[in-house]
Number of protein chains: 2
Amino acid sequence: MAANVLVVEDELAILELIAVNLEQAGFHVLRASEAETALRLIGEALPDLVLIDWMLPGLSGIELVRRLRREERTRALPLILLTARGAEVDKVLGLEAGADDYVTKPFSPRELVARIRAVLRRRRPEVGEEVLEAGGLRLDPAARRVLAEGRVVALGPTEFRLLHFLMAHPERVHSRSQLLDRVWGDHVFVEERTVDVHVRRLRAALEPYGMAALIQTVRGAGYRFSVQTAQEA
Amino acid sequence: MAANVLVVEDELAILELIAVNLEQAGFHVLRASEAETALRLIGEALPDLVLIDWMLPGLSGIELVRRLRREERTRALPLILLTARGAEVDKVLGLEAGADDYVTKPFSPRELVARIRAVLRRRRPEVGEEVLEAGGLRLDPAARRVLAEGRVVALGPTEFRLLHFLMAHPERVHSRSQLLDRVWGDHVFVEERTVDVHVRRLRAALEPYGMAALIQTVRGAGYRFSVQTAQEA
DNA sequence: CGAAAATGTCACGAAACCGTCACTTTTTCG
DNA sequence: CGAAAAAGTGACGGTTTCGTGACATTTTCG
């Protein structure tokens, strides 16, 4: 998951309270205390969701929502409004302006996290769901399962993602840093040699089916999934 | 499409106006002019969506919404509230009570139909009433009964819905949050780990028939109902 | 009303998984 | 040939994830 959430809130105590809760729930948090900073951050690092307080100095929360909905780039950006209890009218205006949801202060942290998750879930399209087949291997992303000649191959989460990526981009070499970016994630810092270890684990899992040769080492460059050169061993 | 829509509205002129428009749009319309009749109709012929006027004699619209959301059988039922213009507070209360959307009177017929379609679309693709059979299990939604090799399996309501959903979408992984959305319902906020516990209860119920292996854990991803891999233990 | 059933949450322990390291083997190249 | 570089291998500690039993609360129903 590890979604980026931008929190726009001028009361610092509340801002931090929210941030702590979100980070505990596994989100990465960006902070802004007024609309201008928020807009700049959105421009720089397009977050996955923005949590906006209704009361902001300068450009108000609802105006920020309207503005984000108007612009092409941010039109589909999930937005949640924070409103004070009792300001009922505002909430409806917020929803009409294009917010995806709203949360009233004071809020329960659990509800906040639940609503964020719900909104994110609703937005996410299904991608990379096609079944991949090559060299006697069959990888089904929806079922999270790999079959070798009809037999189930036991893979850990990381090995599965690694094989998924390699099979989605076969017959070409991927450097260790590329693999770290695409399989582990951009912002994750791990040693490059970690890739070696997971390649080894993946090979070990394929070995019983005689398919370890599908994952090939290209010395000085990286790894490759290839059916063509697999036989030559 | 041909969805069943129950309209709850005490002003007969408006009720008929709505009914005509909906029928023209291809919906099948049920009518009720107060909450008690509505509840009876919902009990008899579980409609696909209920359109509820805020102002009703006796049990008010919003109380009806709350009640429907509380009860097991109707928790996931799509609800739209009809409110008079200007009654902003009501709308928000309605949404908080669990309505999926609201429409202000006077409304444009086109908007009404559009919102109904939108809410229905957002809903789960209805898990039908058809009998599901897989891996020696037989689930009959109409009878709300599960048979394992001909013998009745004792399941609680939640376990039944969980198994129903899993069997309706077999051979693919469902994350805990997906399951919460589609088995518990969008409006419910419960911990993700709750899913684990119910999976455990479901497995315990299937265990005596040696069918616990049908429900599989996919580490880091969720759960899966699968006949294919069930044997390999 | 009161017993029974169902539900959601928590705490604890076991198992799986991950990243890193030290060491070995293989390859490259002066 | 022999040293250096690159990749393979096995092991280990720490963390995450999941299964399990227990418990309090709510709901159902006689």
Side-chain angles (χ1 to χ4, degrees), chain A residues 1-2 23-26 108-111 113-114 144 153-163 173-177 179-181 183-185 187-207 212-213 215-224 233, chain B residues 43 66-76 144 146 153-163 173-177 179-181 183-185 187-207 212-224 233:
Chain A
M1 178 150 305
E23 275 167 354
Q24 199 169 2
S108 98
R110 187 188 303 163
E111 182 192 341
V113 170
R144 271 244 157 111
V153 182
L155 293 179
T158 306
E159 286 121 57
F160 183 87
R161 287 201 314 276
L162 178 59
L163 180 59
V173 180
H174 306 280
S175 72
R176 288 170 175 75
S177 52
L179 289 172
L180 282 178
D181 272 4
V183 178
W184 273 255
H187 38 73
V188 184
F189 178 69
V190 286
E191 294 289 325
E192 289 207 340
R193 290 300 305 278
T194 300
V195 176
D196 298 34
V197 178
H198 280 274
V199 165
R200 181 188 155 273
R201 287 170 180 162
L202 179 53
R203 281 172 174 159
L206 295 175
E207 229 293 302
I215 283 83
Q216 295 150 18
T217 304
V218 181
R219 200 174 174 84
Y223 295 96
R224 172 179 58 199
Chain B
R66 286 217 184 85
R67 177 140 166 200
L68 289 172
R69 280 286 176 261
R70 254 205 324 270
E71 271 179 45
E72 190 54 51
R73 212 168 103 79
T74 57
R75 183 168 296 166
R144 205 205 150 280
V146 176
V153 181
L155 292 179
T158 305
E159 286 110 58
F160 182 84
R161 286 203 315 279
L162 179 59
L163 180 60
V173 175
H174 306 279
S175 71
R176 289 170 176 74
S177 46
L179 290 171
L180 282 179
D181 266 7
V183 177
W184 274 255
H187 312 282
V188 187
F189 299 113
V190 290
E191 293 288 325
E192 291 204 340
R193 290 300 304 279
T194 300
V195 177
D196 298 35
V197 178
H198 281 273
V199 165
R200 177 181 157 275
R201 288 169 181 162
L202 179 54
R203 280 172 175 160
L206 295 175
E207 230 294 301
L214 288 168
I215 283 84
Q216 295 153 15
T217 304
V218 181
R219 195 158 246 271
Y223 294 97
R224 172 177 61 199

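Chain naming here is simple, since letters A, B, ... match the order of the sequence lines and numbering starts at 1 in each.
Protein atom CZ of A:Phe189 is 19 Å distant from nucleotide atom P of C:dC18, rounded to whole Å. When rounded to the nearest whole Å, the span between CG of A:Leu162 and C1' of C:dC18 equals 14 Å.
For B:Arg144, the CZ atom sits in a packed shell: over 12 heavy atoms of surrounding residues, nucleotides or ligands are nearer than 6.0 Å.
When distances are taken from the side chain of A:Arg193 to each of C:dT20, C:dT7, D:dT9, the shortest belongs to D:dT9.
Across residues 194-203 of chain B, B:Thr194, B:Val197, B:His198, B:Arg201 each have a non-hydrogen atom less than 4.0 Å from an atom of DNA chain C (numbered order).
Among residues two or more places apart in sequence or in another chain, the salt bridge (Lys or Arg N to Asp or Glu O under 4.0 Å) test is passed with A:Arg200 by none. Considering only residues two or more places apart in sequence or on other chains, A:Arg193 meets the side chain to side chain donor-acceptor pair (under 3.5 Å) condition with A:Asp196. Listed by chain and number, the residues in a side chain to side chain donor-acceptor pair (under 3.5 Å) with B:Arg203 are B:Thr217 (sequence neighbours excluded). Partners of B:Glu191 by side chain to side chain donor-acceptor pair (under 3.5 Å), not counting sequence neighbours, listed by chain and number: A:Arg110.
Formation of a donor-acceptor pair under 3.5 Å by the B:Arg224 side chain with backbone atoms of B:Gln216 is not found in this model.
Residues B:Trp184 and B:His198 form a side-chain contact, since some pair of their non-hydrogen atoms from C-beta on lies under 4.5 Å apart.
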Tabulate protein N/O versus nucleotide N/O from nucleotides 25-30 of chain C, keeping only pairs under 3.5 Å, one per line.
none

